[in-house]
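Every chain is numbered from 1 and lettered A, B, ... according to where its sequence line falls, protein lines coming before strand lines. In what follows, every heavy atom counts, from backbone to side chain, and hydrogens, waters and symmetry copies are set aside.
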Number of protein chains: 2
Amino acid sequence: MFSIGELSRRTKVKVPTIRYYEEMGLLAEAERTSGNQRRYDKAGLERLSFIRHARDLGFSIEAILSLIELQDHPDRSCETATDIAVSQLADVREKIKRLKLLEKELKRISDGCDGHGVSENCYVLASLADHELCEREH
Amino acid sequence: MFSIGELSRRTKVKVPTIRYYEEMGLLAEAERTSGNQRRYDKAGLERLSFIRHARDLGFSIEAILSLIELQDHPDRSCETATDIAVSQLADVREKIKRLKLLEKELKRISDGCDGHGVSENCYVLASLADHELCEREH
DNA sequence: CTTGAACCTCTAGTCACTAGAGATTGTAGA
DNA sequence: TCTACAATCTCTAGTGACTAGAGGTTCAAG
């Protein structure tokens, strides 16, 4: 049995965040000492690792809640879990696509400027002001 | 002179968002009709387009505030604007890098599952639970 | 038995909006 | 000119996923 601080150290999840996860129903309510402090065991550690890992992968709290519900009903099909992962993947790919376009434009913008006065037509400001200067839609 | 709704239609920025930008100091306080409704001119339209474009590129409100301040003091060097753009570009590249790692892992995860029961070792759930299954750190 | 780090709950703040209530205004058609 | 009613106004509260701080209590080492 270990304290919330120990759990925090082991999982790299901050203490208030752990309490927040409990409040959100991601973590079961922890056992308490006679003095009302939370105590965790290996199961708690594992669940928090799961949550942290899923959050790192960009899953929303809500999605994780579904995943957890699934774990607690092992009779159901794995399909839902796969659906959630697949939709997460689509999300990530969309984000990458958008960011790559932005990267291109930002590179173009920041390469165009070389430290002259703003009054003499700063390319950064001009580019932002005038969408016509973009190479493509975004 | 046009209304906030018209401005919204032209810039694709929602009406409450326009009011929010005004409150945040990104947009100057608009002129008003005798009945207290906001009226905008070409200058307002241009500034809002600038803001929208910068937001699309992921600049924070705070960064845009700096950029606007720069526009209003054309005597200063363009360097600050370039710095902001360059740091934005670094941000975007970092995000792309991270997302690509996630994409890889998510692909691996969602490919591994084919609809069998969760109890028989669903790969999605197992992967999330056990970081050891990751190909690399994230 | 004392000290002080760690813990507790609670409220409020973050960012960039978004939604809704309830009241007022602008404008097009009769 | 009157009447609808869409659009506008202000204000408050909610979103997601935390983070920060106040003020009080408990645990564990010395």
Side-chain angles (χ1 to χ4, degrees), chain A residues 1-27 29-41 44 47-48 50-68 84 87-88 91-92 95 98 102, chain B residues 1-27 29-41 44 47-48 50-68 84 87-88 91-92 95 98 102:
Chain A
M1 295 298 252
F2 35 86
S3 69
I4 196 168
E6 182 60 26
L7 185 64
S8 167
R9 240 163 286 127
R10 293 201 199 190
T11 57
K12 317 274 178 223
V13 176
K14 287 181 188 154
V15 168
T17 305
I18 297 174
R19 290 198 275 248
Y20 169 75
Y21 287 161
E22 183 182 310
E23 199 183 48
M24 291 299 101
L26 291 183
L27 287 172
E29 292 195 11
E31 279 180 60
R32 303 285 184 129
T33 63
S34 57
N36 200 34
Q37 297 196 355
R38 290 170 179 82
R39 285 299 112 106
Y40 297 90
D41 57 8
R47 172 152 285 189
L48 186 53
F50 173 91
I51 294 166
R52 190 198 130 93
H53 194 179
R55 286 291 303 128
D56 275 353
L57 292 173
F59 290 86
S60 70
I61 298 270
E62 212 192 318
I64 297 173
L65 229 31
S66 309
L67 255 15
I68 283 174
I84 293 171
S87 122
Q88 189 58 33
D91 252 40
V92 166
K95 276 182 197 151
R98 273 186 57 82
L102 299 193
Chain B
M1 295 299 255
F2 36 87
S3 70
I4 196 168
E6 180 63 25
L7 185 64
S8 168
R9 239 164 285 125
R10 293 200 198 189
T11 55
K12 316 274 179 226
V13 177
K14 287 179 190 157
V15 169
T17 305
I18 297 174
R19 290 197 274 249
Y20 170 75
Y21 286 161
E22 183 181 309
E23 198 181 49
M24 290 300 100
L26 291 183
L27 285 172
E29 292 195 11
E31 279 180 60
R32 302 287 184 129
T33 63
S34 56
N36 200 34
Q37 298 195 356
R38 288 169 182 82
R39 284 300 112 104
Y40 297 90
D41 57 8
R47 171 153 285 189
L48 185 53
F50 174 91
I51 294 167
R52 189 199 130 92
H53 194 180
R55 285 294 301 129
D56 276 353
L57 292 173
F59 290 86
S60 71
I61 298 270
E62 213 192 317
I64 298 174
L65 229 31
S66 309
L67 254 15
I68 283 174
I84 294 171
S87 122
Q88 190 57 32
D91 252 42
V92 167
K95 276 184 195 149
R98 273 186 57 84
L102 299 191

At 4.0 Å (heavy atoms only), tell me whether B:Arg32 reaches a base, stays on the sugar-phosphate, or touches nothing.
sugar-phosphate

What residues 20-27 of chain B contributes to the DNA chain C interface at heavy-atom separation below 4.0 Å is B:Tyr20, B:Tyr21

In whole angstroms, how far is the C1' atom of C:dT18 from the CD1 atom of B:Ile18?
14 Å

In whole angstroms, the gap separating C1' of D:dT8 from CD of B:Glu31 amounts to 17 Å

Would you give the length of the straight line joining atom CD1 of B:Ile18 to atom CZ of B:Arg52, rounded to the nearest 0.5 angstrom?
11.0 Å

Does the side chain of A:Ile68 come within less than 4.5 Å of A:Arg47's, by heavy atoms?
yes

Between atom CG in B:Asp91 and atom C1' in C:dC15, what is the gap in whole Å?
15 Å

Detail all sub-3.5 Å separations between protein N/O atoms and N/O atoms belonging to nucleotides 27-30 of chain D.
{"residue": "D:dC27", "atom": "OP1", "partner": "A:Thr33", "partner atom": "OG1", "Å": "2.9"}
{"residue": "D:dC27", "atom": "OP1", "partner": "A:Gly35", "partner atom": "N", "Å": "3.1"}

In this structure, how many angstroms lie between the P atom of D:dA17 and the CZ atom of A:Arg52, rounded?
16 Å

Let's see if you can work this out: which of D:dT8, C:dT9, C:dA16 has an atom nearest to the side-chain heavy atoms of B:Arg55?
C:dA16

What is the distance, to the nearest angstrom, from the CG atom on B:Asp56 to the P atom on C:dA16?
14 Å

Can you measure B:Phe2 atom CZ to C:dT27 atom P for me and round it to whole angstrom units?
14 Å

Please report the distance, rounded to the nearest Å, between CG in B:Leu7 and P in D:dA7.
15 Å

From A:Arg55 CZ over to A:Ile61 CD1, what is the distance, rounded to the nearest 0.5 angstrom?
5.5 Å

Can you tell me how far CD of B:Glu6 sits from CE of B:Met1, rounded to the nearest 0.5 angstrom?
13.0 Å

I want to check something: taking the side chain as every heavy atom from C-beta on, are B:Ile51 and B:Thr11 in contact at a cut-off of under 4.5 Å?
no

Looking at the side chain of A:Ser60, which of C:dT18, D:dC9, D:dA17 is the nearest nucleotide?
D:dA17

Among C:dC7, C:dT18, D:dT19, which nucleotide has an atom closest to any side-chain atom of B:Thr17?
C:dT18

Side chain to side chain, B:Phe50 and B:Ile64, heavy atoms closer than 4.5 Å
yes

Using a cut-off of strictly less than 4.0 Å, decide whether B:Arg38 has a side-chain nitrogen or oxygen near OP1 or OP2 of D:dC9.
yes

Which value, rounded to the nearest 0.5 Å, describes the distance between A:Arg39 atom CZ and A:Ser3 atom OG?
5.5 Å

Stepwise, does the side-chain contact (heavy atoms from CB on, under 4.5 Å) test hold for A:Arg38 with A:Glu31?
CA-CA 6 Å; A:Arg38 290 170 179 82; A:Glu31 279 180 60; over 6 Å; no

Separation of A:Tyr21 OH from A:Leu27 CG (nearest 0.5 Å):
8.5 Å

Please determine whether a side-chain nitrogen or oxygen atom of A:Lys14 lies at a distance below 4.0 Å from atom OP1 or OP2 of D:dT19.
yes

First locate atom CG of A:Leu48, then atom CZ of A:Arg10, and finally report the distance between them rounded to the nearest 0.5 Å.
12.0 Å

Rounded to whole Å, the CG-C1' distance (B:Leu48 to C:dA16) equals 15 Å

Of B:Arg19 and A:Arg19, whose closest DNA chain C nucleotide lies nearer the 5' terminus?
A:Arg19

